[in-house]
There are 2 protein chains.
Amino acid sequence: MQTSKNRQFILHQRPAGTPTTDDVVLEEHSLAPLAAGQVRVRNAYFSLDPAIRGWMDDTPSYLPPIELGTPVRSTTVGEVVESLDPDFQPGDKVVAMGAWEEFSTVPGAMLSKVQDDNRFPLHYYANILGAVGLTPYFGVMDAGKPKPGDTLLMSAAAGAVGSVGGQIAKLAGCRVVGLAGSDEKCDWIISELGFDAAINYKTCGLIADAIARACPAGVDIYFDNVGGEILDGALLNLNSGARIVFCGAISGYNSAEPVPGPYNWWQILARSVTVQGYLVSDYVDRFPEGIAQMGEWVEQGKIKFREEIVDGFENTFSAFLKLFDGSNAGKLILRL
Amino acid sequence: MQTSKNRQFILHQRPAGTPTTDDVVLEEHSLAPLAAGQVRVRNAYFSLDPAIRGWMDDTPSYLPPIELGTPVRSTTVGEVVESLDPDFQPGDKVVAMGAWEEFSTVPGAMLSKVQDDNRFPLHYYANILGAVGLTPYFGVMDAGKPKPGDTLLMSAAAGAVGSVGGQIAKLAGCRVVGLAGSDEKCDWIISELGFDAAINYKTCGLIADAIARACPAGVDIYFDNVGGEILDGALLNLNSGARIVFCGAISGYNSAEPVPGPYNWWQILARSVTVQGYLVSDYVDRFPEGIAQMGEWVEQGKIKFREEIVDGFENTFSAFLKLFDGSNAGKLILRL
C-alpha cells in the first residue's frame, strides 16, 4: 500500500470561544515512512465528541493539549494499511486515538483491535461499542453506585452519552428523569427510550423547581455532562449521600472567560454528596466487560441509540460545530 | 434547683457579611417549666465553631437555619440540673446541641452523656473529645482513605480541626503538608506537631506554585476547611485518583455575595478526583470508637492540641468573631 498524501485538519491557533476556520485549517501534507512500532490506519469514521473542544485549549487536563500545528485529536475507527507492530496486520479493523486526517500513524499501543468484526457494523465502534457506550456504562454502573429505586437525573439526556446512560440506569432499576433542550427530545426519551420523566430546561422556568417537581423523592444520582446552571439546580435537589458522576461540562467549553464551579458548591458538604470526577479511560482494563455487556444489550434490543452520520472528510469541522448548538440528532459521526 | 432567669444571645436578623451586635443581641428571658422528655442543662462551656456562622444564614444546609428570635445554636458542655427524661439525672455531665445561653433546655435525644467523667477535664469534650477531634478523625481516616506514603495537604493547618487532622494523618503514615497564615503558625505545626512541611499562604506568592514546591510528589488527599483560592491552588496539584475531604469553606462564610465553587472545577474530572462532602454527624454511630481512639492518643501524648479559653458568658459573641480574623490561638472555647 503506497499513499503519499494525507489531508488533515490542523489546529493553527487556540480558539477563543467557539472554534472557527481560522483556528482549524484543512491542509494536505506528505506521509512520512513508518517508524518502528508504528501502525498506519486508513480512517473510516471519526467520533465527533465534545471532549475534543477541551483538548484545543492550553489548560491542564487528562490529556495534554493538542499541539499547535498538529491535526486535531479524535477517536477514529478504520483499517490498518501498513504496520511495523507485529500485533497488527493490514486489514485489521481498529479503534485508534488518531486525529482528523485521512491516515493516522500511531504506535500500536494507541490502537485496539475490533473483535468479532462481522457481528456489528464497523461504525458502532465509534458509537455504542466505543466511548459512547462505555462512558455511560461505567459511569452509571460503577461511579453512580445505583440501587434499585434510586432516582437518577440525567443531563443532556437526548445526547449520545445521556440517552444511553438513562437506559442503563433503567436496567439497573432506577427511576430516571432526563433534561433536554426541546419538547421533541423530551418526548423521544420518554416514549422511545423509557425514561420516567423529562424536563425541557429551556422552557421549564427555574431549573431547581422543575427538578423538584419531576423528582419528588429527591435525586440520588446526578449524571453531569453539562455543568453550569443545570448542575446548580441539581445540587439543590440532591438527597443526603447522593452521588454526582462528573462526566463533562459542555456549558462552559466555549467560554473565553474562566468558568467557576457551581454556586451551590456548599450543598456538596451540606448533603454529604460524593462528586466523582469520571473518565472512562480509568476503566480501560474493564473495556472488554463493557463492550460485551453493551453488545448483548444492543442485540437484545434493550438499548436504543441514534446516530447522525455526516459524509465527507472535508465536512469534519463544520459537522463538529453541531455539537455546540445542539443541532445534531444523536451521536455525531463523520464518515470519510 | 430553681432558676427563673436565663441570659441568651438572640439572633435578631441574619448577618450580611461578618455578624454584628445588631444581628446578635444579649437578652434576659424567663425559663419555662420543663416539658415531658426535656432536660435542662447548666452550660459550662460553648464550643465556638465556624459552622455556627453558616447556621445564621437562611440557606439550605445540613441543619435548618437558626430561627430569628431564638438563641444562637452551639455545641455546649455542661451539667444536668433538671430532667424529665429518665435517661438523665441531675449532676450528669453532658454534651448538648444547645445554644449561647446560660441554661439550655433540650430533648434528651440531643444530649450525650460524658462517660468516665474523671478521666479528662470536662472542657476536653468541647475540644479534642468532641467535634474538634472526631471531625478530623473520621475525615482523615474514613473519607480521606489514607495509604502509607500518601501526601496529605491540610488547609487551616494551625486551626482546631486542621492541627489535629494533620497529626492523625501522620499516625496513618502520610507525608503531611500544612497551610497556615503566619510564620509562627507554620513553625508550630512543624516543630511541635510534626508536620513535614508548611506553607504560609499569605507570603508564599502563587498558592498553586507553593503547593507544587512543598508537594513534589503531588497531593493525594486535600483536606479542605477553607475553599476559595487555596482550594483552587490545591486542585492544580492533585494526583490522579486524589480525594478531597470537603469539611468546610470558611473563606466564603462572611461573604454577602454568592460565592462560586472553585474555578478549577474541571480538574476534578481531569484528575479523576473524588470530592467527599463530609459531615461528622454522618458518623454518629461510630462516635464511641472515635472518642476511644482520640482519648488513647491524647493520653499517649501522640496528639497535641491548643485551646484558647475565653472567660465570661457576656464575651461569647466577641470571642466568636476571633474565628474570622484568625486571631484565636487554637480551639476557641467560652467558659461560662
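Just so it is clear, the values below take in all heavy atoms, side chains as well, and ignore hydrogens, waters and symmetry mates. Each chain gets a letter, A, B and so on, in the order its sequence line appears, and its residues count up from 1.
- Annotation: residues 212-223 of chain A contacts chain B through no residue [non-hydrogen atoms, separation under 4.5 Å].
- In this structure the side chain of Leu279(B) reaches within 4.5 angstrom of the side chain of Leu269(A), judged on heavy atoms.
- Contact annotation: the side chain of Thr274(A) never approaches that of Val275(B) to less than 4.5 Å [non-hydrogen atoms, C-beta and beyond].
- In plain terms, the two heavy atoms of Gly261(A) and Pro260(B) that are nearest each other are O-CB, 4.0 Å.
- Looking at Gln276(A), the atoms closer than 4.5 Å to chain B (heavy atoms on both sides) sit in the backbone and in the side chain alike.
- Ranked by heavy-atom pairs under 4.5 Å with chain B, the list Ser272(A), Gly54(A), Gly248(A), Cys247(A) is led by Ser272(A).
- The choice from Ser281(A), Ala270(A), Gly227(A) that makes the most heavy-atom pairs within less than 4.5 Å of chain B is Ala270(A).
- Checked against side-chain hydrogen bond (donor to acceptor under 3.5 Å, both in side chains), Thr76(A) has the following partners two or more places apart in sequence or in another chain: Asn43(A).
- Counting heavy atoms of neighbouring residues, nucleotides and ligands inside a 6.0 Å radius, atom CD of Glu229(A) does not exceed 12 of them.
- Counting only residues at least two apart or in different chains, ring pair (Phe, Tyr, Trp, His ring centres under 6.0 Å) contacts with residues 256-280 of chain B comprise Phe246(A)-Trp265(B), Tyr253(A)-Trp266(B), Tyr278(B)-Tyr283(B).
- Residues of residues 234-244 of chain A that come within less than 4.5 angstrom of chain B, heavy atom to heavy atom, are Leu236(A) in numerical order.
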